[in-house]
*Asks:* 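This is the structure, below, for whatever I ask next.
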Amino acid sequence: MERAYSGDEPRGLLTGDELLRMPWLNPCELVGGRVIRMTPTNPTHGRIEVNVAAALRSFARSRNLGVVMAGEVGVFTSRDPDTVRAPDVLFLSHERDAARTRQDGFLDVAPEIVVEILSPTDRPVEVQRKLREYFAAGVRVVWVVDPAERAVGVHDTHGEPRRFAAGDVLCGGTVLPGLELPVDEVFE
């Protein structure tokens, strides 16, 4: 059953499916059933997003490994109450893509790689919360791109994050073996 709303902001807890039917709320995420509004990204953020997405897509496509999505695609990280996160870029293998239970709506399977590009207003506690959610949902690797520091933190389920800066090369690890992306190209 669809809910009717008299104003721009919904009241009470929403499901991911209800959020999908409210495009006027974008950009936003759904956290524990509550809408969290986000500001549009700035040009630096947009450029970094394109650079990372293009590099991942080119690599994944050349080896027929899966799909790359960008533009804050909704990903369920938990249900009841629903949480739908909007990573900047993601990689989804063909295997996981085939496991989706539906082709419309937000992703109901975890991508293998998520890329989050920090905004000036991102708080470390919220970034850590997102990391925990992604890993609990089944994401294997998260790249946290910091435009202010011109660095990338690589987080996985195996331990301490690794930091890559100018002159370093990001690798695809076990998820995208053979991928090499110079950090300098992320910030071109």
Side-chain angles (χ1 to χ4, degrees), residues 15-17 19-20 27-33 36 38 41 45 48-61 63-103 105-119 122-147 151-164 170-181 183 186:
T15 67
D17 291 334
L19 178 65
L20 187 64
C28 68
E29 290 181 322
L30 189 67
V31 178
I36 305 298
M38 299 173 359
T41 60
H45 184 113
I48 292 168
E49 187 172 324
V50 166
N51 292 344
V52 172
L56 291 178
R57 182 178 187 268
S58 176
F59 182 83
R61 191 174 193 193
R63 289 159 180 79
N64 195 28
L65 299 174
V67 296
V68 173
M69 300 176 196
E72 291 76 34
V73 172
V75 176
F76 280 100
T77 59
S78 66
R79 296 285 196 146
D80 197 22
D82 291 355
T83 295
V84 177
R85 292 297 186 173
D88 295 297
V89 180
L90 63 86
F91 166 74
L92 186 66
S93 69
H94 289 308
E95 179 182 3
R96 287 195 183 186
D97 193 30
R100 292 169 51 195
T101 60
R102 60 188 211 198
Q103 296 302 305
F106 300 126
L107 287 178
D108 59 356
V109 298
E112 281 89 348
I113 296 177
V114 160
V115 180
E116 286 285 349
I117 302 165
L118 296 179
S119 298
D122 283 334
R123 297 184 347 218
V125 67
E126 286 302 315
V127 173
Q128 290 302 314
R129 179 179 180 176
K130 280 186 181 185
L131 290 171
R132 286 191 302 275
E133 289 175 19
Y134 285 137
F135 292 132
V139 172
R140 293 177 55 193
V141 177
V142 179
W143 290 359
V144 178
V145 180
D146 186 342
V152 180
V154 177
H155 304 258
D156 61 30
T157 57
H158 302 314
E160 291 297 313
R162 295 173 314 275
R163 185 177 188 275
F164 296 83
L170 294 165
C171 297
T174 59
V175 178
L176 292 174
L179 171 69
E180 293 186 352
L181 174 58
V183 171
V186 169

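The first residue in the sequence is number 1, and the count goes up from there.
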*Asks:* Is the side chain of Thr83 donor-acceptor paired with the backbone N or O of Gly32 at a distance under 3.5 Å, no angle test?
*Replies:*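 Judged by distance alone, yes, a pair lies under 3.5 Å.
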*Asks:* Quick one: closest heavy-atom pair of Ala60 and Gly66, and the distance?
*Replies:* CB-O, 4.1 Å
*Asks:* Which residues pass the salt bridge (charged side-chain N to carboxylate O under 4.0 Å, His left out) test with Asp108, sequence neighbours left out?
*Replies:*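 Result, salt bridge (charged side-chain N to carboxylate O under 4.0 Å, His left out) vs Asp108: none returned.
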*Asks:* Would you indicate whether the side-chain heavy atoms of Arg100 and Leu107 approach each other to under 4.5 Å?
*Replies:* yes
*Asks:* Answer whether the closest heavy-atom distance between the side chains of Leu131 and Val144 falls below 4.5 Å.
*Replies:* yes
*Asks:* With sequence neighbours excluded, tell me which residues meet side chain to side chain donor-acceptor pair (under 3.5 Å) with Asp122.
*Replies:*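 Result, side chain to side chain donor-acceptor pair (under 3.5 Å) vs Asp122: none returned.
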*Asks:* Do Phe91 and Val141 have side chains that get closer than 4.5 Å, going by heavy atoms?
*Replies:* no
*Asks:* Would you name the heavy atoms of His45 and Ser119 that are closest together and state the gap between them?
*Replies:* ND1-OG, 4.1 Å
*Asks:* Please examine the side chains of Asp146 and Val152, heavy atoms only from C-beta on, and report whether any two atoms are closer than 4.5 Å.
*Replies:*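 Val152 vs Asp146: side chains apart.
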*Asks:* Do Val75 and Phe106 make a side-chain contact, defined as non-hydrogen atoms from C-beta onward lying under 4.5 Å apart?
*Replies:*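 Result no, sub-4.5 Å side-chain heavy-atom pair not found.
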*Asks:* If you look at every heavy atom in Gly138 and Ala110, which pair is closest and at what distance?
*Replies:*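 Taking every non-hydrogen atom into account, C-CB, 3.7 Å.
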*Asks:* Shortest non-hydrogen contact from Val73 to Pro87?
*Replies:*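 It is O-CD, 3.3 Å.
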*Asks:* If you take all heavy atoms of Gly33 and Pro81, which pair is closest and at what distance?
*Replies:*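 Reported closest heavy-atom pair: N-CB, 4.0 Å.
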*Asks:* Under the side chain to side chain contact (heavy atoms under 4.5 Å, CB included) criterion, do Phe59 and Leu65 qualify, and how do the steps go?
*Replies:* CA-CA 8 Å; Phe59 182 83; Leu65 299 174; 3.8 Å; yes
*Asks:* Find the distance between CE (Met69) and CG (Asp88) and round it off to the nearest 0.5 Å.
*Replies:* 14.5 Å
*Asks:* Are Lys130 and Glu29 within salt-bridge range, i.e. N to O under 4.0 Å?
*Replies:* yes
*Asks:* Output the distance between atom CZ (Arg132) and atom NE2 (His155), rounded to the nearest 0.5 Å.
*Replies:*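 Output value for this atom pair is 12.5 Å.
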*Asks:* Just to verify, what does Asp82 make a side chain to side chain contact (heavy atoms under 4.5 Å, CB included) with, not counting sequence neighbours?
*Replies:* Thr15, Leu30, Phe76, Arg79
*Asks:* Would you tabulate the side-chain donor-acceptor contacts of residues 111-118 under 3.5 Å, counting partners in other chains and residues two or more places apart, or write 'none'?
*Replies:*
unit_1, atom_1, unit_2, atom_2, d
Glu112, OE1, Ser93, N, 2.8
Glu112, OE2, Ser93, OG, 2.5
Glu112, OE2, Arg96, NE, 3.3
Glu116, OE2, Tyr134, OH, 2.5

*Asks:* Taking salt bridge (charged side-chain N to carboxylate O under 4.0 Å, His left out) as the definition, give me every residue that meets it alongside Arg162, ordered by chain and number, with sequence neighbours left out.
*Replies:* Asp156
*Asks:* Does Cys171 form a side chain to side chain contact (heavy atoms under 4.5 Å, CB included) with Val154? I'd like the steps, not just the answer.
*Replies:* CA-CA 10 Å; Cys171 297; Val154 177; over 6 Å; no
*Asks:* More than 12 non-hydrogen atoms from neighbouring residues, nucleotides or ligands closer than 6.0 Å to CZ on Arg61, yes or no?
*Replies:*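 No, because the 6.0 Å sphere around CZ of Arg61 holds 12 heavy atoms or fewer from other groups.
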*Asks:* Could you tell me which non-hydrogen atom of Gly16 sits nearest to which non-hydrogen atom of Val84, and how far apart they are?
*Replies:* CA-CG2, 4.0 Å
*Asks:* Residues two or more places apart in sequence or in another chain: which of them pass salt bridge (charged side-chain N to carboxylate O under 4.0 Å, His left out) with Glu126?
*Replies:*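 If we apply the salt bridge (charged side-chain N to carboxylate O under 4.0 Å, His left out) test to Glu126, skipping adjacent residues, the hits are Arg123.
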*Asks:* Within a strict 4.5 Å, meaning less than it, do heavy atoms of the Val186 and Leu170 side chains meet?
*Replies:*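 Heavy-atom side-chain distance check passes, below 4.5 Å.
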*Asks:* Please test Val109 against Asp97 for side chain to side chain contact (heavy atoms under 4.5 Å, CB included), starting from the C-alpha separation and ending with a verdict.
*Replies:* CA-CA 8 Å; Val109 298; Asp97 193 30; over 6 Å; no
*Asks:* Begin from the C-alpha positions of Leu90 and Leu56 and carry the test side chain to side chain contact (heavy atoms under 4.5 Å, CB included) through to its verdict.
*Replies:* CA-CA 9 Å; Leu90 63 86; Leu56 291 178; over 6 Å; no
*Asks:* Passes salt bridge (Lys or Arg N to Asp or Glu O under 4.0 Å), Asp17 versus Arg102? Steps please.
*Replies:* CA-CA 12 Å; Asp17 291 334; Arg102 60 188 211 198; 2.6 Å; yes
